[in-house]
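In each ligand, atom 1 is the first atom listed, and ligand 1 is the first ligand listed. When reading the values below, keep in mind they use all heavy atoms of this one structure, side chains included, and skip hydrogens, waters and symmetry mates. Keep in mind it's a predicted model, so treat the numbers as computed, not measured.
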Amino acid sequence: MKSIRTRIAPSPTGDLHLGTARTALYSWAFARHHGGEFVLRIEDTDVARSTEESTAQILDAMRWLGLDCDEGPIHQMSRLERYREVAEQLIAAGRAYRCWCTPEELDAMRETQRARGEKTHYDGRWRPAPGKLLPAPPAGVQPVVRFANPQHGSVAWNDLVKGPISIANEEIDDLVILRGDGVPTYNFAVVVDDWDMRISHVWRGDEHINNTPWQINIFRAVAGADAELPQYGHCPIILGEDGLKLSKRRGAVSVTAYRELGYLPEAMLNYLARLGWSHGDEELFTREQMVRWFDGAHLAKSPAQWDPAKLAWVNAQWLKRADDARLARLVREQLVARGVEVADEATLARAAALFKDRCTTVVELADWSAMLYVPVAPRAEDLAAHVSEAVKPALRDLRERLAEVVWNKDAIGSALKAVLAAHQLKMPQLAPALRVLVCARPQTPSIDAVLALFARDVVLQRLAQV
Ligand code: GLU
């Protein structure tokens with residue numbers, strides 16, 4: 001069997017889109033599952049729209065997701081010579097030809113076709129044929145190279161996701177494969193690359209399904225009629241919550257945006273994987289399980305719908321399982337970005353252990369942790385509801401005792417018990433008042449553990465308000 005080689009081929013015209021990330025994940029997991037190789041290719045031939053920043057963003061997002069590649073990044077713009085060479089070979093073999101039509105001529109051609117009620121198409125005026133007399137090439141026009149698509153028969157493949165697909169060649173135009181400036185078009189560069197890079201399986205979004213017949217025909221012309229083609233699998237698009245195509249205008253669509261919103265890479269991978277693929281009823285799985293299970297089967301044929309609530313749930317599950325020291329690092333990054341200086345990650349790790357069960361994202365965890373370092377502003381209604389005249393003497397007493405105790409959870413707990421006994425109060429009367437004053441939240445995990453996270457001075461200062 002041909003060795004398994006997959007690729008992801010993003011265009012650097014924006015951030016790594018969630019759909020591309022999902023395809024990357026499937027391609028990566030499929031290669032890893034089979035002990036094959038995964039190639040990263042940057043399709044930067046759209047010179048006007050490609051940027052270095054996007055390339056950097058895409059590589060960064062791939063690294064963050066942990067989708068490591070065995071080859072690449074390979075930039076198409078560094079392979080121009082190769083595309084030109086293959087185009088010349090196709091011309092020499094009669095499988096491609098130069099076309100000197102100007103944009104104005106092409107417009108006029110389409111106009112006439114429309115007026116006749118025909119579907120617009122290239123009319124083949126520069127396509128050589130036995131006995132056909134071609135016009136003399138006009139001066140001053142840079143010709144493009146067109147692929148001479150077979151005019152009869154059909155092109156068919158057994159799509160790994162959608163099943164058998166077949167298109168009549170009559171439906172397929174003679175595509176421009178090399179522009180006048182010598183830069184290849186997408187469908188040509190992809191074929192030369194997939195062939196040169198010995199790609200065995202192409203997983204991609206189904207917006208490319210219409211390109212596949214061209215690619216198969218070009219592939220056969222480039223590699224020979226008997227060449228083993230890659231197998232193609234087209235995954236349905238991801239729909240937004242509103243049932244429309246996931247779009248920037250209606251929410252975050254880039255992987256990087258989710259990192260900034262406080263999602264963990266393992267949660268993103270888990271959620272993206274499930275969006276269009278299943279392994280029984282499993283909802284939570286690791287990268288290793290994905291590699292073990294992903295053999296290209298059980299991919300959904302119909303579009304999946306983006307579900308922020310489910311993503312949040314998946315993230316919360318992974319947050320609970322995440323190592324506290326790692327969360328401390330991530331929370332610290334968030335806090336530093338907010339201008340909060342954090343000297344000590346050990347405290348953040350203890351805070352993570354205490355708060356992570358209540359949080360959905362790292363951002364929320366940072367919201368909780370911030371109270372350790374920045375002043376809090378209790379809401380007037382919380383103060384009115386919980387810091388009553390009845391508990392104020394107990395709070396003052398507690399403050400005095402807390403000034404003296406060894407600063408740890410047990411000693412703080414004992415001081416609390418002593419105050420409750422002395423003032424004949426119950427914990428549910430005192431704890432909410434403490435929470436509101438110190439944390440500006442009426443609910444927290446066990447108050448002695450929470451207080452122990454703070455610097456003593458901070459607690460004393462916040463209690464001094466009563
Ligand atoms: N550059 C294409 C894209 O970003 C890749 C399509 C393919 O995988 O062939 O959509």
Residues [X] and [Y]: side-chain donor-acceptor under 3.5 angstrom:
| X | Y | value |
| --- | --- | --- |
| T444 | R435 | yes |
| N187 | Q215 | yes |
| S54 | T51 | yes |

Distance flag, aromatic centroids of Y258 and W306, threshold under 6.0 Å:
yes
W368/Y373 aromatic ring centres below 6.0 Å
no
Residue shell for ligand 1, any heavy atom closer than 4.0 Å, reads R7, A9, P10, S11, E43, Y186, R204, H208
Decide if atom NE2 of H121 counts as having more than 12 heavy atoms of other residues, nucleotides or ligands within a radius under 6.0 Å.
yes
